[in-house]
Amino acid sequence: MTYDFKEIEPKWQKIWDEKKAFEASDKSDKKKFYSLVEFPYPSGAGMHVGHIKAYSGLEVISRKRRMEGYNVLFPIGFDAFGLPTENYAIKTGIHPRQVTDKNVEKFTSQLRRVGFSFDWSRVIDTTDVDYYKWTQWIFLKMFENGLAFRDTALVNYCPSCKVVLSNEDSQGGKCDICHSDVVQKSKTVWYLRITKYADQLLQGLEKVDYLPNIKQQQVNWIGKSTGAFVNFQIKGTNDNLKIYTTRPDTLYGVTFMVIAPEHPAIEKYADQIKNLDKVNEYKAICAKKTEFERTQLIKDKTGVKLDGFSAINPINGKEIPVYIADYVMMGYGTGAIMAVPAHDQRDYDFAKEFGIDIIEVIKGGNIAECAYTESGEMVNSGFLNGVADKKEAVAKMLEYLESKGIGEAAVQYKMKDWAFNRQRYWGEPIPIVHCPTCGMVPVPYDELPLKLPAVENFEPGTDGESPLAKIDSFVNCKGPKCGGAAKSETDTMPQWACSSWYFLRYIDPHNTEKLADEEKLKYWLPVDWYNGGMEHVTRHVIYSRFWHKFLYDLGIVPVDEPYAKRTAQGLILGPDGDKMSKSKGNVVDPNDVIDVYGADVLRTYVLFMGDYTMAAPWSDSSVRGCKRFIERIWGLLFMQKGSGSTPAIEKSVHKTIKKVTEDIEQMKFNTAIAAMMSLTNEIYEVGSLTTEELSMIIRALSPFAPHICEEMWERIGGEGLCSLAPWPVYDESKTIDDTVTIAVQVCGKMKDTVMVPADADQATAVEIAKQNEKVAAALEGKTVIKEIYVKGKILNFVAK
RNA sequence: GCGGGUGUGGCGAAAUUGGCAGACGCGCUGGUCUUAGGAACCAGUGGGAUUCCGUGCAGGUUCAACUCCUGUCACCCGCACCA
């Protein structure tokens, strides 16, 4: 009898559904396990096999946990607001609501065909008003607490998409959506004050179990640096130019200062600056440059000296010339620096370009050649002379600066506040009213959700205005406080808003009173294991940790870190080894694979391909190997015999169960599957196994290939569903061999292997080894100086 | 430039963390059965050769190195004039 996946797979999917086999219980004596995968953006293209790999990791772990007796919450939903849907709507004229519904339906059917054990009773769609009501609610709480605010600043702006972008969405100076160059534009925009949580976001990493590279990326992104603010008096005034430096120890080496082209001091002291025309000309050139261009010319330093404007070095009273240059950014530190060319390469390049003095204050380098950035003995530095330790020098200088009131220790972060509004339709409306008498007023909580109005035209305005601005009935409203005529905010929230808290909603998805019930939150949080893509670690993961910490401070959630553990899967590349993309035409559709081989084969293959965390190319022919394996598993059904284990098979079964049990926990799915393949090969050689052995194998394979395992489970008379049957327990004693094969080396070169009792002592092993022909031949005429014996592994004769 | 990662057969990859390099799978070769096979099954498969060489390259530590150390090259990813 052959294995007919086309009949078996839908059969069991239906049964799981009818029995609500994978629904989590909110009340249970069992230990809870919350496993979370990043919910998909339902694009029109449907899912590709990369999605399947992304979900299969925790799918296996969730299924194993259920079999181990846990109450498992493994939910799924749709992250459905966003530009691709809106752009599609603009192109086709179909409303984003309809597009989203259609795509969600497509994704759902694909996911179901794979047989994922999601709890389908908790599906959420972030574009559902009952969901985004709470996204708006959280925004209002942030507004109330001063974490959501408006400011006029230079922002990243995509001229093609006509939207303001966050730093995170414009990495490398390119728009994350359309990849065109981002320009800097002065606009009044909404921000979320994520920087307030910078230190907590950093500290929090110490107590969570994230893969090391994920942690490191977040640490870099937050970019904490410790240094000092130092005030340089502006000559001829009582005003100061405040700078930030990480090297206060080099203060004696300052020979010039640089301020950003946008620095306010230029306007404030415009009348003092004699070459204002030249300065303004330079400012105009900088403003035209995109962020991308500005980071291109790293070596060629440009700038203009401010004539008639200088500062005083507070440490020695020296007059210091001040320049403007675009290598200093307004967005970091104070937008002004003290330049120490002897010990900073950028300052060095600038000094060479402009013929400025270079004063060595740390010995050890050759400042005629380049800046010396290592540590060494301080010179030309007044009271610091002779100090050789950098830390000590910094500490002494800080102490001095603070005692004189001219500077203070300071911490800076690279992370910037989150630019939060988008001039787009398909997002959550920001629930704020601009009232001419009362200013910015939040929409009252009991009026939430503030629904997206029906529109015909989704095109953003040419002046960078939201499509909502054209809807008079939406824009014109009453001021919530005074009742007078007012205007609604017309911008919407960015794509990352709704995903910043979705894992909380899964816990209580149908609650109409609160975002989720406290008791349930207390039971399920934190997420025990969260898996997703590397591309989200500096965006979604940081954003959601920030929202979570805020909700924790409000007392809404019971733990301060949302995710106890975070891992990331590697990409599936196209068969050509390139990243899968529609334009390259190398995308593999899971439906095509399921049509030919079935879901169990697809699931097994995406996990067998290689290291789960690493990228690997798709191979159509390799899929067939997994198909053969699944079919050979089916064949085991016809090799059963009632009783009487073959001792070697019994041992191998227990060893395999042990390996599978352990490997799954480390996401080493590829070696777990390989072990089961080996075992199968071995059983085929012997030709039989007991029903009990088969039962163990089926259960261990069931997280990977659940459909065939259910069918086999039923046929061997297993009780209930295989998916909920107890995880097979191996007998440790049966995993240990009585005799082992050890390698025998002579002078480190392998000569042969010999069988010895597992607990053989050195003398026994040596005796057995010496009887081996090849070993004896190699030792012929030599004197053994030393014998090295590692039990169960190796015996090495060191001989002359 | 900084941070993270990866280099192992024709290919995807393993290696109990210093102990038999190449498990498992693909592909390939030969065979069996077939009208046929891009099906199934069986056997073989790192390279040269009769005892050597092989984990990007060059050194080192060790009885023993894919694994540890020093240097170096290549590729991938992230950040990037961050003061």
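Because only heavy atoms are used, hydrogens play no part in the values below, and waters and symmetry mates are left out as well, while side chains stay in. Note on naming: letters A, B, ... go to the chains in the order of the sequence lines (proteins, then strands), and numbering restarts at 1 for each one.
- Using P as the reference atom, B:rG12 and B:rU50 are 32 Å apart when rounded to the nearest Å.
- If you take CD1 of A:I794 and C1' of B:rC20, they are 6 Å apart, rounded to a whole angstrom.
- Across B:rG78, B:rC26, B:rG3, the shortest atom-to-atom separation from the side chain of A:S619 is found for B:rC26.
- No side-chain donor-acceptor contact under 3.5 Å links A:S622 to the backbone of A:S619.
- The side chain of A:Y244 places no N or O atom within less than 4.0 Å of a non-bridging phosphate oxygen (OP1 or OP2) of B:rA83.
- Of the candidates A:I243, A:I266, A:I337, A:V328, A:I266 is the only one forming a side chain to side chain contact (heavy atoms under 4.5 Å, CB included) with A:I259.
- Distance from the side chain of A:V790 is smallest to B:rG19 among B:rC81, B:rG19, B:rC20.
- Applying the 4.0 Å criterion to OP1 and OP2 of B:rG27, one finds that A:R628 has a side-chain N or O inside that range.
- By the salt bridge (Lys or Arg N to Asp or Glu O under 4.0 Å) test, A:D199 is found to be paired with A:K224, residues two or more places apart in sequence or in another chain being considered.
- Dashed line: the shortest gap from a side-chain N or O of A:N681 to OP1 or OP2 of B:rG25 is under 4.0 Å.
- Distance check on atom C1': B:rC33 versus B:rC41 gives 8 Å, rounded to whole Å.
- In terms of heavy atoms, A:Y348 sits closest to A:I367 at OH-O, 2.9 Å.
- Not a single donor-acceptor pair under 3.5 Å links the side chain of A:N231 to the backbone N or O of A:N240.
- If you take atom C1' in B:rC11 and the same atom in B:rG22, they sit 13 Å apart, rounded to whole Å.
- Residue A:D578 contributes atom CG, which lies 11 Å from atom P of B:rC77 at whole-angstrom precision.
- When the C1' atom is compared between B:rG46 and B:rG31, the two are found 24 Å apart, to the nearest whole Å.
- Nearest-nucleotide positions on RNA chain B place A:E631 closer to the 5' end than the other of A:G748 and A:E631.
- Using a 4.0 Å heavy-atom criterion, one finds that A:N213 contacts the sugar-phosphate atoms exclusively.
- Base orientation of B:rG46: anti (glycosidic angle beyond 90° from 0).
- As rounded to whole Å, 11 Å separates atom P of B:rG3 from atom NZ of A:K414.
- Checking B:rG19, B:rG78, B:rC81 against the side-chain heavy atoms of A:M329 singles out B:rC81 as nearest.
- Using a 4.0 Å heavy-atom cutoff across all strands shown, A:Q745 reaches at least one base atom of the nucleic acid.
- We find that CD1 of A:I785 is positioned 11 Å from P of B:rC63, with the value rounded to whole Å.
- Distances from the side chain of A:A674 to the nucleotides B:rG25, B:rC53, B:rA23 place B:rA23 closest.
- Taking the side chain of A:M677 as heavy atoms from C-beta on, and the options B:rC81, B:rC24, B:rC26, the nearest nucleotide is B:rC24.
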Does the protein touch nucleotides 10-16 of chain B at the base, only the backbone, or not at all? Give it as B, S and - per nucleotide, heavy atoms under 4.0 Å. --BSSS-
Convert the base pairs of RNA chain B into dot-bracket notation, remembering that pairs crossing earlier ones are written with [ ] and that bases paired across to another strand are shown as |; include only Watson-Crick or G-U pairs under 3.5 Å. (((((((..(((......[....)))((((((.......))))))((....))..(((((..]....))))))))))))....
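- Straight-line distance between the C1' atoms of B:rG47 and B:rC42: roughly 26 Å, to the nearest whole Å.
- Computed from coordinates, the A:I633 CD1 to B:rG25 P distance equals 12 Å when rounded to whole Å.
- Comparing B:rC24, B:rA83, B:rC53 by their nearest atom to the side chain of A:K749 picks out B:rC53.
- The salt bridge (Lys or Arg N to Asp or Glu O under 4.0 Å) check on A:K655 picks up A:D737, with sequence neighbours excluded.
- Listed by chain and number, the residues in a salt bridge (Lys or Arg N to Asp or Glu O under 4.0 Å) with A:K659 are A:D663 (sequence neighbours excluded).
- The C1' atoms of B:rG54 and B:rG9 are separated by 10 Å, rounded to the nearest whole Å.
- Taking atom CD of residue A:Q217 and atom P of nucleotide B:rC2, one finds them 18 Å apart after rounding to whole Å.
- Ring geometry for A:F350 against A:F354 counts as parallel: the plane angle stays under 30°, on a 0 to 90° scale with 60° as the upper cut.
- Between the side chains of A:Q345 and A:D349, at least one donor-acceptor pair of N or O atoms lies under 3.5 Å.
- Nucleic acid contact class of A:T753 (heavy atoms, under 4.0 Å, all strands): base.
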Kindly list each side-chain donor-acceptor pair under 3.5 angstrom involving residues 738-745 of chain A, sequence neighbours excluded, with atom names and distances?
none

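- Along RNA chain B, the nucleotide nearest A:S225 and the nucleotide nearest A:I673 are compared for position; the residue whose nucleotide lies closer to the 5' end is A:I673.
- Side-chain nitrogen and oxygen atoms of A:R624 include at least one within less than 4.0 Å of the OP1 or OP2 phosphate oxygen of B:rG27.
- Judged by a 6.0 Å distance limit and a 45° cone about the ring axis, A:K53 is positioned over the six-membered ring of A:Y612.
- To the nearest whole angstrom, the two P atoms, one in B:rG10 and one in B:rG48, are 10 Å apart.
- Between the C1' atom of B:rA39 and the CZ atom of A:R632 lies a distance of 15 Å, rounded to the nearest Å.
- Going from the C1' atom of B:rG19 to that of B:rU67 covers 11 Å, rounded to whole Å.
- Looking at the side chain of A:I337, the nearest of the listed nucleotides B:rA83, B:rC24, B:rC63 is B:rA83.
- An anti base is found at B:rU72: its glycosidic angle is more than 90° from 0.
- Just one of A:K565, A:R566, A:Q569, A:E38 meets the side-chain hydrogen bond (donor to acceptor under 3.5 Å, both in side chains) condition when paired with A:N531; it is A:Q569.
- Whole-Å rounding puts the A:D349 CG to B:rA83 P distance at 16 Å.
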